[in-house]
Structures are given as structure tokens and as C-alpha cells.
Amino acid sequence: MSEQPLITLQNVGKTFGPVTVINDVTVSVYAGQVQVLLGENGAGKSTLIKMMAGVYQPDSGHIVIDGKTVILSTTRAAEEHGIATIHQELNLVPTMSIAENVMLGRLPTKYGLVDRRALRERARAALALIDLEIDVDTLVGELGIAQQQLIEIAKALSINARILILDEPTAALTVHETEKLFTVMADLRRSGVGMLFISHHLDEIAEIGDTVTVLRDGEFIAEVPASTPEDELVTLMVGRSIADKFPRITGEVGPATEVLRVESLSSHGKFSDITFTVMAGEVLGIAGLVGAGRTELIRAIAGVDHYSSGSVEVRGRALRGGDIAAAIAAGIGHVPEDRKELGLVLDASVNDNLGYATLASTARFGLVDFAGQRSRAAEMAKKLRIRMHSIDQPIGALSGGNQQKAVFGRWIIAASTVVLLDEPTRGVDVGAKVEIYELMNAVTAAGGAIVMVSSELPEILGMSDRILVMRDGRLAGELSSADATQDAVMTLAASDVDDTNERN
Ligand SMILES: Nc1ncnc2c1ncn2[C@@H]1O[C@H](COP(=O)(O)OP(=O)(O)OP(=O)(O)O)[C@@H](O)[C@H]1O
Ligand SMILES: [Mg+2]
């Protein structure tokens with residue numbers, strides 16, 4: 001590590017209207033160092049890095065690069081100083097190809113026209129940095145979230161930055177993909193790149209980080225080595241310790257009642273012949289690798305997509321495919337993988353977003369119950385500790401993790417019978433995760449059921465009563481919570497397909 005930092009945010013502050021979001025924080029990044037930023041949802045991590053990236057300008061304090069005070073008035077200015085940023089919210093254009101997205105703003109030209117060949121070659125070279133093999137002509141809109149995240153990473157790496165900012169790059173990645181990213185980061189560290197890394201996966205900190213700066217409520221709390229034990233980090237971060245990370249409570253919920261029956265459900269090219277039932281009071285986990293068809297299955301049950309054959313029944317009532325309204329009316333709640341695409345109306349208020357699934361069902365004599373909705377929303381926001389200035393704030397102004405909590409809260413308010421969760425705690429801090437798990441317990445205690453897709457094995461193992469494993473669009477097996485181990489799940493998820501049936 002060299003003496004002089006590559007970049008320092010010196011005593012910076014940032015306010016939005018009346019709200020102080022960052023107060024007098026100093027943080028530096030050195031060459032060959034991975035500086036971690038740690039803090040709860042809404043602590044100010046993304047706001048802080050946006051000042052390094054030229055998205056926001058500090059209201060107080062200043063920015064020093066190579067010992068000189070600078071003003072980063074645009075993202076372009078930051079890039080010119082060698083700063084590349086992978087933002088928490090993906091910034092890809094869905095209607096453009098992978099190649100065009102990777103090279104956006106840097107399109108190679110020849111005789112005044114875009115040089116398609118060079119474009120593809122450079123994009124391929126960028127993807128190769130993280131061993132990603134996808135046709136670069138594919139439209140980004142056709143990719144899943146994990147792949148889009150990898151494209152963002154490849155794009156930032158291809159800029160050859162000397163300061164690389166990574167805001168929750170691993171939130172949507174599996175263990176395997178995360179390892180690939182960490183290998184690249186280790187190489188960059190050796191070549192002297194300074195990095196600033198944000199993640200809610202505490203185990204990643206010791207693996208890839210050097211030092212950790214902890215923020216709480218926009219204030220600097222401490223700087224500690226990345227080898228600091230996880231429970232100490234948690235205490236610094238949330239101001240208290242967390243005893244039970246997976247507080248699953250199973251209990252009697254009366255006579256066994258089937259609430260969801262999925263029979264021989266198939267969707268061309270996505271999944272095939274899926275049969276299972278879920279009982280009241282149960283948490284059913286669905287594990288599998290990215291691309292196993294889990295999200296597609298959940299979307300079909302939720303009425304987002306049509307299916308080709310088979311049936312879905314909620315409490316004995318058949319549901320047609322592709323009819324979201326009917327699914328909601330039947331008692332299905334759906335927390336989707338991509339909160340931006342399906343979950344939230346970003347310009348609408350927190351109150352409206354929380355109430356969206358409930359207003360119709362709570363209307364009396366044709367009148368919408370706005371007052372009741374407002375108090376239910378306020379109560380839920382409090383329970384989930386959604387950090388906001390006011391419940392009338394546009395939800396787009398909330399931090400990423402707080403938006404995720406809101407999508408979850410909506411379906412709990414709606415008192416859905418079957419809540420389908422797709423990566424429910426992605427981007428959620430350790431403390432808020434426990435609150436989400438406790439609300440899952442509340443759903444099952446009230447006689448509801450939960451189907452949870454998650455790529456986080458500890459979460460699947462810690463919260464499920466039963467686990468289904470999907471592989472290549474099919475059910476590869478079922479494990480009881482007693483038999484389930486990380487190895488047992490991974491063996492089912494990854495072993496070679498043992499039958500030669502084509503997907504229908
Ligand atoms: N444009 C904005 N207008 C108003 N408030 C904002 C704006 N951007 C951020 N905030 C507020 O600033 C606070 C910090 O948000 P920030 O996104 O920096 O948190 P974070 O630490 O990155 O959280 P997460 O872990 O959830 O991503 C939040 O309370 C958020 O509501
Ligand atoms: Mg953030």
C-alpha cells in the first residue's frame with residue numbers, strides 16, 4: 001500500500017432537501033487496496049460512492065485525488081480520473097445488445113460509422129475478463145438479473161480504471177460467479193487498482209477486503225480490518241448484536257390443509273412437469289442454480305406468465321395462467337426477483353406502493369379505504385424499519401434495500417394465503433433480514449404458506465421446512481429440513497441430467 005491515497009472523500013456531507021444523508025464522513029481508497037463500506041440499508045453507502053462517481057457533489061467537505069482537490073461535476077469527469085463504477089441499480093439498456101451496452105459511450109467507429117466487428121470483438125474481450133460466454137448480439141432485456149449484473153461488471157472492468165467502485169455487485173450472483181469476480185478483483189489488486197466494495201454478505205468481507213469503514217445513519221462509526229469477526233461487524237453496523245440469524249418457528253396451525261397444488265406444470269423451454277403441494281403453515285424452499293427455471297416457475301404460479309400445460313390450484317380453486325388479478329384475488333402474493341420490472345412503481349409514494357395489492361380488497365361499499373390503508377402502510381414500514389423521510393416520499397428515493405423491504409411488506413399487508421418469494425432478501429442488511437424472516441413466521445403462524453426461491457443456501461437451509469431442488473427445468477429432488485445440508489442440495493442442483501427426456 002502506498003502512502004498517498006488514490007482518492008479521499010474528506011469530511012463530506014450531503015443533504016436532500018431537509019434530510020441529512022451523509023454527515024462529515026472521511027474515507028480513502030489506496031492503490032492495491034479493497035476498502036469495504038459497511039452499513040445498514042439506508043446508512044448512506046450508495047450516496048457516498050455516488051460522490052466519488054460524479055453523480056452527486058458533496059454539499060460540504062471536498063474530494064482529493066492524488067493529493068489534489070478536485071471537483072467531479074459529472075460522471076464523465078470521474079471517468080477521466082480513472083474511476084469506474086458498478087452501481088447498485090443496473091444501468092443497462094434492455095433494447096440494446098450486450099455488445100452495445102458494454103461499449104456504450106465508447107462505440108468504435110470506422111469511416112464515421114459504428115465498426116460492428118470491432119464492437120463485437122471488444123465486447124467479447126470484456127466478457128472474457130470474467131469468463132462469461134454469451135453471444136454478444138443477445139439483447140440485454142432477454143437476460144436474467146444475474147447475467148445483467150455480470151454484463152455491468154464486464155463493462156466497468158473493460159474501462160481499465162485505477163479506482164473501481166462496486167456497489168453490491170454480488171447481490172444477484174451465485175457463489176460460483178462471486179468467486180469469479182473475486183479472482184478478477186485479486187488480480188486488479190496486484191496490479192495496483194484501488195477498489196471500494198459494498199456488500200451485505202458479511203462472509204465476503206474477510207475474503208476480499210482489506211479494511212472496512214462502517215457507516216450508521218450517514219455518520220462514520222469506525223474503520224477496522226476486514227478480518228474483524230462478523231458479529232463484531234454486525235454490532236458496529238446495527239448498534240446491537242444479532243443472536244439468531246434464522247429464527248424459523250414452526251408450530252401447529254390446526255388440521256393439515258393444502259393451500260397450493262401445482263400439478264404437472266410445464267412451460268415450453270422453461271420448465272417441465274413440476275408437481276408439488278404446499279400446506280398451510282409451511283415454508284417451502286426452492287433451490288437450484290441460476291437458469292434452473294425457478295423464477296419462471298414462480299412467475300407462472302403468480303399469473304405473470306402463461307404456462308403450456310398442467311394446473312395451479314389455490315385452496316382447491318384452479319388458476320388460469322397469465323392472470324395476475326385472479327392470482328391476487330385467490331390469495332397469491334408475489335415478491336419478484338426484479339423489483340424494478342415488476343415490483344414497484346418508482347415515482348409513486350411508499351404508501352401507494354405498500355397498498356397496491358390491498359386497496360381493492362379492503363374497499364367497502366365501493367369506496368376505497370385510504371385512511372385504513374395509510375395506517376396499515378405506516379405500521380408495516382415501522383415493522384420492517386423502512387428508512388424514509390416520509391411515507392409520501394417517492395419510493396424511488398429510498399435506498400435499494402429499503403425498496404426491497406417495501407415489496408415484501410406489500411404482500412404481508414395484503415394477507416396473502418400463499419406468498420411467493422423470489423430472492424426476498426437480496427440487498428437487505430443483516431438486521432432487516434431477520435425482520436423479514438420473522439414476518440415469514442407470522443404468515444405461516446396465521447395459516448398462510450410461503451414458497452421461497454433463494455440462491456442463498458444458508459437462507460434456504462435456515463428457513464425452509466422442506467426443500468425442492470430444481471435442475472434444468474425439472475424437479476431434481478426433495479429434502480426435508482432434517483436431511484438438508486449444503487452438500488445435499490448442491491449435489492441435486494448440479495449433477496448431470498440423468499434422463500434423456502427433452503424439455504417439452
Ligand atoms: N435522491 C434522493 N432523494 C432523497 N433521499 C435520498 C435520495 N437518495 C438517497 N436518499 C436517502 O438517503 C439515505 C441513504 O441512502 P443510500 O442509498 O445511500 O443507502 P445505502 O446505504 O446505499 O442503503 P442500501 O444498503 O439499502 O443500498 C436513505 O435514507 C435514502 O432514502
Ligand atoms: Mg445502496
Side-chain angles (χ1 to χ4, degrees), residues 9 12-25 27 35-59 75 85-91 145 149 152 165-172 196-202 204-205 212-222 233-234 236-239 339-340 343-344 346-351 353-354 381-382 384-409 423-436:
L9 294 178
V12 293
K14 183 76 199 163
T15 57
F16 291 106
V19 192
T20 299
V21 171
I22 296 289
N23 185 20
D24 192 23
V25 172
V27 61
Q35 165 73 53
V36 178
L37 265 190
L38 185 65
E40 288 180 280
N41 296 131
K45 304 177 297 295
S46 296
T47 306
L48 199 64
I49 62 102
K50 283 178 186 167
M51 292 192 246
M52 284 191 184
V55 177
Y56 295 146
Q57 282 70 54
D59 298 322
T75 53
T85 311
I86 300 166
H87 285 287
Q88 183 173 10
E89 302 299 335
L90 300 173
N91 285 314
I145 289 279
Q149 180 70 69
E152 281 278 10
I165 301 170
L166 307 102
D167 194 352
E168 299 196 33
T170 61
L196 202 146
F197 176 76
I198 300 176
S199 171
H200 288 293
H201 294 137
L202 297 181
E204 293 175 358
I205 292 175
V212 184
T213 292
V214 184
L215 295 180
R216 202 192 300 157
D217 285 329
E219 313 238 1
F220 172 90
I221 297 293
L233 292 176
V234 170
L236 285 171
M237 179 179 163
V238 302
R339 62 174 176 263
K340 246 180 167 176
L344 296 169
L346 292 177
D347 294 334
S349 68
V350 177
N351 182 47
N353 273 286
L354 278 167
K382 199 168 151 210
L384 285 169
R385 296 200 293 146
I386 294 180
R387 190 167 307 210
M388 58 193 179
H389 176 54
S390 134
I391 201 157
D392 298 312
Q393 228 181 336
I395 204 156
L398 263 52
S399 79
N402 282 297
Q403 292 182 19
Q404 181 68 19
K405 291 193 256 176
V407 190
F408 180 83
E423 309 287 357
T425 64
R426 176 176 291 166
V428 168
D429 71 50
V430 279
K433 269 185 189 160
V434 175
E435 272 134 45
I436 285 186

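Numbering of residues begins at 1 and proceeds along the displayed sequence. In listed order, ligands and their atoms are each counted from 1.
Considering backbone and side-chain N/O of Leu48, none are found under 3.5 Å from N/O of ligand 1. Taking only nitrogen or oxygen atoms, main chain and side chain alike, Gly39 does not reach within less than 3.5 Å of ligand 1. Checked against a 3.5 angstrom limit, the closest N/O atoms of Val21 and ligand 1 fall outside it.
Using a 4.0 Å heavy-atom cutoff, Gln88 is listed among the residues neighbouring ligand 1. Heavy-atom distances between Lys50 and ligand 1 stay at or above 4.0 Å for every pair. Residue contact check for ligand 1: Gln403 places no non-hydrogen atom closer than 4.0 Å to it. Residue contact annotation: His389 has no non-hydrogen atom under 4.0 Å from ligand 1.
Nearest to atom 17 (O) of ligand 1 among the protein's heavy atoms is Ser399 CB, 3.4 Å. Looking from atom 14 (C) of ligand 1 to the surrounding protein, the closest heavy atom is Gly42 O, 3.3 Å.
Proximity of Thr47 to ligand 1, defined as any heavy-atom pair under 4.0 Å, is shared by backbone and side chain alike.
Contact atoms of ligand 1 toward Tyr56: 1 (N), 8 (N) (distance under 4.0 Å to a heavy atom of the residue). The contact set between ligand 1 and Glu40, taken as ligand atoms under 4.0 Å from a residue heavy atom, comprises 21 (O). When each atom of ligand 1 is checked for a heavy atom of Ala397 under 4.0 Å away, the hits are 3 (N), 4 (C), 5 (N), 6 (C), 7 (C), 8 (N), 9 (C), 10 (N), 11 (C), 30 (C), 31 (O). Listed by atom number, the atoms of ligand 1 under 4.0 Å from Glu168 heavy atoms are 25 (O), 27 (O). In summary, the atoms of ligand 1 found under 4.0 Å from a heavy atom of Gly400, numbered by their order in the structure, are 26 (O), 27 (O). Taking every heavy atom of Leu398 and a limit of under 4.0 angstrom, the matching atoms of ligand 1 come to 31 (O). In the vicinity of His200, heavy-atom distances shorter than 4.0 Å reach the ligand 1 atoms 25 (O). Less than 4.0 angstrom separates some heavy atom of Ala43 from each of these atoms of ligand 1: 19 (O), 21 (O).
A distance-only check finds no donor-acceptor pair linking the side chain of Gln88 to the backbone of Asp167 [under 3.5 Å]. Panel note: side chain Asn353, backbone Ala348; a donor-acceptor pair is recorded below 3.5 Å. For Asn351 (side chain) and Ile391 (main-chain N/O), no donor-acceptor pair under 3.5 Å exists by modelled atom type. A donor-acceptor contact shorter than 3.5 Å links the side chain of Ser399 to the backbone of Gly42. Side-chain atoms of Lys14 never come within 3.5 Å of backbone atoms of Asp59 as a donor-acceptor pair (strictly under, hydrogens ignored).
His87 has its side chain within reach of Lys50: a pair of non-hydrogen atoms, C-beta onward, lies under 4.5 Å apart. Annotation: side chain of Ile221 is not in contact with side chain of Met237 (no heavy-atom distance under 4.5 Å). No side-chain heavy atom of Glu423 sits less than 4.5 Å from a side-chain heavy atom of Gln404. Under the 4.5 Å side-chain criterion, counting only non-hydrogen atoms from C-beta, Arg385 is in contact with Glu40. In this structure, Met388 and Asn402 have side chains that are not in contact, with every pair of non-hydrogen atoms separated by 4.5 Å or more. Counting heavy atoms from C-beta on, the side chains of Leu398 and Lys405 never come closer than 4.5 Å.
Atom CD1 of Ile386 and atom CD of Gln393 lie 11.5 Å apart (nearest 0.5 Å).
Under a 4.0 Å N-O distance rule, the pair Arg387/Asp217 qualifies as a salt bridge.
Heavy atoms only, all atoms of each residue included: His201 and Ala171 are closest at CE1-CA, 4.4 Å.
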- Message: Using the rule given for side chain to side chain contact (heavy atoms under 4.5 Å, CB included), can you reason through His200 versus Val428, listing the C-alpha separation, both sets of side-chain angles and the distance that settles it, and then say yes or no?
- Response: CA-CA 7 Å; His200 288 293; Val428 168; over 6 Å; no
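Listed by chain and number, the protein N, O or S atoms at a distance under 2.8 Å from the Mg ion (ligand 2) are Ser46 OG, Gln88 OE1.
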